[in-house]
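Data first, discussion second: the structure below is written as structure tokens.
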Amino acid sequence: MRGLICGPKLAACGIVLSMWGVIMLGMLGIFFTTHSAVLIEDVPLGEEDLMPDPNPPQKIYDLYNKVGYNCFIAAAIYILFGAFSCCQMRLNKQKVSSSIQLLDFYLFYFKVIDFTERVSKNVNDRGEKKDQFEN
């Protein structure tokens, strides 16, 4: 089947990981853009960011916003990854259902052929030769 890259288990794992990534990075993005003091260690601050600036909190807030936007971008990438995993899951389900339909067709087809061969050879279900006058 065209476009099928991963199996059903890997697709399910990708869906779970992408859901977790979207939730986690979305919340981190919200907390960074609201300038949460707990996350100050994760903001890339340097000496040049604090010393020469007459208004240091504004520069720190800009860095918070930058990191928050990066988290939102990463969450969007996880959404795309989740959509890809959903498509793979759907393709896997289509593959399974089409193979089941194909299997049903083959089983029905070969039962019909087997029945017609037995009728033409005058053989019963156990493979024994039937008499001409037997029902």
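- C87 SG to L4 CG: the interatomic distance, rounded to the nearest 0.5 Å, is 11.5 Å.
- Without hydrogens or angle criteria, Q88 side chain to I5 main chain gives a donor-acceptor distance under 3.5 Å.
- Side chain of N92 to main chain of C6: a donor-acceptor pair is present (N/O by atom type, distance under 3.5 Å, no hydrogens or angles).
- For the pair S36 (side chain) and F32 (backbone), a donor-acceptor distance under 3.5 Å is absent.
- No continuous path of hydrophobic side-chain contacts links M24 to I73 [ILVMFWY only; heavy atoms under 4.5 Å].
- V22 and F84 fall into different hydrophobic clusters, defined by Ile, Leu, Val, Met, Phe, Trp and Tyr side-chain heavy atoms under 4.5 Å apart, directly or through other members.
- Here the side chains of I40 and I60 are in contact, with some heavy-atom distance below 4.5 Å.
- With hydrophobic clusters built from ILVMFWY side chains whose heavy atoms lie under 4.5 angstrom apart, F31 shares a cluster with L45.
- Taking all atoms of both residues into account, the shortest heavy-atom contact from T33 to F72 is CG2-CE1, 3.9 Å.
- Cluster membership for I79 and F81, using ILVMFWY side-chain heavy atoms within less than 4.5 angstrom, is not shared.
- Residues S18 and G82 come closest through the heavy atom pair OG-CA, 3.2 Å.
- Within a 6.0 Å radius of OH in Y78, other residues, nucleotides and ligands contribute 12 heavy atoms or fewer.
- Nearest approach of A75 to G26, heavy atoms of both residues: CB-N, 4.3 Å.
- Annotation for I15 and M89: closest pair CD1-CE, 4.1 Å, computed over non-hydrogen atoms.
- No chain of hydrophobic side-chain contacts below 4.5 Å, direct or via other Ile, Leu, Val, Met, Phe, Trp or Tyr residues, connects I77 to I23.
- Sorted by first and then second residue, the pairs that involve residues 63-77 and meet side-chain hydrogen bond (donor to acceptor under 3.5 Å, both in side chains), not counting sequence neighbours, are H35-N65.
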